[in-house]
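Below you'll find the structure, written out as structure tokens, and then a few comments.
Proteins get letters first, then strands, A, B, ... in listed order; numbering begins at 1 in each.
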Amino acid sequence: MRVSRLLLVTLRDDPAEAEIISHKLLLRAGFIRRVGSGIYAYLPLLWRVLQKISAIVREEVNAVGGLETLLPQLQPAELWERSGRWAGYTAGEGIMFHLLDRQERAFGLGPTHEEVITTIAADLLRSYRQLPVCLYQIQTKFRDEIRPRFGLMRGREFIMKDAYSFHADEEDLRRTYQDFDGAYRRIFSRCGLRAVAVEADSGAIGGSASQEFMVTAEAGEDLILASPDGRYAANQERATSRAGAAVPLPAGPFRVLATPGQSTIQGLCSAHGFDPSQIVKVLLLVARFADGPDQPLLISLRGDQQLNDVKLANVLTARLGGERGTLLEVEPINPEQVQRQGLAPLPFGYLGPQLEDAVLAGARDWSTHFLRLADATAAELERFVCGANGGEAHRVGVSWSDLGLKPEALDLRAAQPGDRCLHDVSQVLVASRGIEVGHIFQLGRKYSEALGARFTNEAGQEEALWMGCYGIGVSRLAQAAVEQHHDANGLIWPVAIAPFELIIVIANGQEAAQVALAEQLYGDLQAAGVDVLLDDRSERAGVKFKDADLIGIPWRLVVGRGAAGGTVELVERAGGAKQELPAAELAATLVPLLLAQRRGLALDLPAQGEGA
RNA sequence: CGGGGCGUGGCGCAGCUUGGUAGCGCGGGUGCUUUGGGAGCACUAGGUCGCAGGUUCGAAUCCUGUCGCCCCGACCA
């Protein structure tokens with residue numbers, strides 16, 4: 001390709017719309033253009049990158065038995081009603097774009113494809129003899145994100161590879177899940193990305209085990225907690241840890257302590273010398289479900305701990321999802337809401353776990369009983385300080401039995417960096433940030449049961465299929481690569497996913513010898529299978545160098561002053577190392593380097609096999 | 001949705017407080033010079049100041065409404 005024909009439009013200034021470096025660079029270097037919030041055009045340079053990533057993904061997914069398909073994006077609401085996800089995905093803060101057709105039939109624009117694929121599987125799969133089967137597609141997904149962000153990182157329309165596997169039993173599912181784990185590690189390393197696998201929450205997709213693949217980068221939206229020994233890594237929303245020991249409350253009789261104006265843990269501690277770990281704090285929240293009344297929650301946590309709302313949502317779904325359907329939302333209760341329910345004001349700031357259900361009597365649309373949950377750190381306290389539920393006072397030295405409560409110990413707390421690990425107390429969790437580029441799930445039979453995807457097993461009996469699903473954010477991965485590979489001058493694409501591997505810069509387009517040699521090398525390198533770009537524009541050399549750096553082509557060949565004598569200059573974008581060499585030796589020098597670089601990073605895990 | 005900010009030639013911005021009919025840099029076009037790290041000079045084209053109302057002799061500027069975008073929080077590949 002010739003740059004003169006590439007519609008290369010680069011920007012000198014950072015566009016005002018971009019915040020993080022990868023987004024700025026993709027815009028400046030002419031890879032993307034914004035069309036609307038969270039909606040981007042993939043320009044020719046980026047499209048080449050996306051195709052290279054897709055090709056790597058295809059090879060690796062095919063290698064573990066995937067069959068490529070293309071599924072519809074326009075999906076009948078009925079499918080989603082059958083899986084029970086229509087409400088959760090469209091109502092409240094649902095993320096599915098949905099619409100009515102001329103007959104008033106409802107449709108969703110596919111944010112994911114479990115429903116469609118499971119329906120197809122139900123139709124096609126009848127016998128264990130057909131199993132296992134794994135289908136995948138590389139497809140545009142639509143999600144009405146609450147807040148689109150950072151260019152391709154969180155778009156409302158984006159490209160995803162999603163694969164779905166079907167099995168006769170759970171062990172077979174586990175095998176494929178493991179295969180995908182390996183395939184994903186190979187994919188990211190072949191793309192030249194440093195990625196880590198972490199334990200994850202399975203969120204709205206559901207299912208049991210799930211693992212995320214994070215590209216490590218400061219701009220990442222996820223917090224990863226990992227042990228330095230490499231044996232444990234998890235997304236913070238899922239991470240478990242050992243909380244520090246509580247400071248025992250000094251012995252003394254039970255008393256009620258006047259604490260006017262001390263409605264925060266901090267205020268209480270600094271006024272009376274308590275340690276936060278001696279206090280049981282109470283959070284009042286309300287959970288909204290698809291069916292039934294809103295459920296007030298009374299959550300007890302040790303004063304020094306933070307609530308992990310993902311863990312809470314999982315507990316709520318497990319407890320109440322059966323009867324009340326999808327959990328739509330959990331939000332803190334504030335005084336205005338209490339008033340709107342027609343209830344007397346609650347003693348916010350002085351709440352204790354013994355707050356009686358009577359305070360909810362007569363609520364307009366709330367259930368009149370609290371769902372009471374306690375984190376283990378709170379439940380395990382022998383004696384503690386808690387709110388007296390009125391009178392601007394706290395109780396000091398109470399026990400759960402004093403309060404007439406027997407809290408069940410749940411894990412509701414957020415693990416924090418610095419916490420000790422469960423698997424080894426000598427290990428301390430360390431935080432880093434990551435961009436989630438892949439997520440693999442063992443779905444189990446959630447969708448197959450809901451959608452009636454059954455097969456006949458070896459014993460001649462019908463049973464639901466076991467399923468797994470496996471996603472990679474292809475367009476997000478492209479931007480994550482930029483986040484990980486750039487410098488002050490622009491992008492630095494890993495060779496394996498670079499839009500072009502090498503750019504030939506004609507230093508002076510008016511020197512016939514330079515043009516002739518460049519044209520000859522351009523032809524030679526194309527013939528040698530190199531993805532080569534020729535900058536034949538009538539620009540000054542400086543402009544071409546700046547653009548070559550900005551768009552991040554990994555190798556640059558300068559045909560300049562030495563052209564008459566048959567020498568050229570080869571420059572590696574990363575690091576900037578230069579070498580002068582005779583043009584005749586170029587292919588022999590470059591091609592072996594490219595062959596090695598096309599394989600991406602070396603894999604850390606030898607067990608996962610070879611990267612190319 | 002809550003909080004913060006911004007909409008002015010293609011891009012980045014100034015002008016707005018204190019109303020008087022729009023300016024700078026980059027980019028585009030033409031010509032000459034230059035030619036290994038975003039060249040110089042000259043000429044030139046290009047703007048319903050997001051949109052709609054209002055106040056005023058007069059509105060980019062003041063008021064009201066509205067739309068869009070960006071950032072912080074809930075969502076996820």
Under-3.5 Å donor-acceptor pair between Asp14(A) side chain and rG12(B) base: no
hbond_proxy Asp222(A) side chain to rC76(B) base (donor-acceptor, 3.5 Å cutoff): yes
Enclosure of Gln579(A) CD (heavy-atom neighbours >12, cutoff 6.0 Å): yes
Parallel, tilted or perpendicular: which fits the ring planes of [X] and [Y], with parallel below 30° and perpendicular above 60°?
X: Tyr40(A); Y: His23(A); value: perpendicular
X: Tyr177(A); Y: Tyr470(A); value: tilted
X: His439(A); Y: Phe441(A); value: parallel

Polar side-chain atom of Gln341(A) near backbone of Arg364(A) as donor-acceptor pair, under 3.5 Å: yes
Could you tell me which nucleotide pairs with [N] by Watson-Crick or G-U wobble geometry, both distances under 3.5 Å, or answer none if nothing does?
N: rG68(B); value: rC6(B)
N: rC49(B); value: none
N: rG73(B); value: rC1(B)
N: rA42(B); value: rU30(B)
N: rC62(B); value: rG54(B)
N: rG12(B); value: rC24(B)

At under 4.0 Å between heavy atoms, what does [X] touch on the DNA or RNA strands: base, sugar-phosphate, or nothing?
X: Val9(A); answer: nothing
X: Glu221(A); answer: base
X: Arg556(A); answer: base
X: Arg34(A); answer: sugar-phosphate
X: Gly438(A); answer: sugar-phosphate
X: Gly151(A); answer: nothing
X: Phe150(A); answer: sugar-phosphate
X: Glu331(A); answer: nothing
X: Glu212(A); answer: nothing
X: Glu17(A); answer: sugar-phosphate
X: Ala507(A); answer: base

Electrostatic pair Glu157(A)-Lys141(A), nearest N-O below 4.0 angstrom: no
Electrostatic pair Arg573(A)-Asp487(A), nearest N-O below 4.0 angstrom: yes
Selection from rA77(B), rC71(B), rC13(B) that lies nearest to any side-chain heavy atom of His439(A): rA77(B)
Measuring only the [atom1] atom in each nucleotide, how far is [N] from [M]? A whole number of Å is fine.
N: rA22(B); M: rG47(B); atom1: P; answer: 13 Å
N: rG10(B); M: rC43(B); atom1: P; answer: 23 Å
N: rU61(B); M: rA77(B); atom1: P; answer: 46 Å
N: rC16(B); M: rU8(B); atom1: C1'; answer: 11 Å
N: rA74(B); M: rU18(B); atom1: C1'; answer: 44 Å
N: rC62(B); M: rC26(B); atom1: C1'; answer: 33 Å
N: rA59(B); M: rG50(B); atom1: C1'; answer: 16 Å
N: rG53(B); M: rU48(B); atom1: C1'; answer: 16 Å

Mind listing the N/O atom pairs, protein and nucleotides 38-45 of chain B, below 3.5 Å?
unit_1	atom_1	unit_2	atom_2	d
rG38(B)	O2'	Arg12(A)	NH1	2.3
rG38(B)	O2'	Arg12(A)	NH2	2.6
rG38(B)	O6	Arg28(A)	NH2	3.1
rG38(B)	N1	Asp547(A)	OD1	3.2
rG38(B)	N2	Asp547(A)	OD1	3.0
rG38(B)	N2	Asp547(A)	OD2	3.4

Least distance between heavy atoms, Ser165(A) atom then Leu173(A) atom: OG-CD1, 4.1 Å
Does [X] have a side-chain nitrogen or oxygen under 4.0 Å from the phosphate oxygens OP1 or OP2 of [N]?
X: Arg154(A); N: rA77(B); answer: no
X: Arg149(A); N: rC76(B); answer: no
X: Ser37(A); N: rG68(B); answer: no
X: Arg147(A); N: rC75(B); answer: no

Single hit among Leu298(A), Leu316(A), Leu285(A), Leu283(A) for side-chain contact (heavy atoms from CB on, under 4.5 Å) with Leu373(A): Leu316(A)
Pairwise 5' ranking along RNA chain B for Ala18(A) and Val474(A), keeping only the more 5' one: Ala18(A)
5' priority, RNA chain B, between Glu569(A) and Gly473(A) [closest heavy atom]: Glu569(A)
Ring centroids of Phe545(A) and rG36(B) base under 5.5 Å with planes under 30°: no
Phe31(A) ring center near Trp493(A) ring center (under 6.0 Å): yes
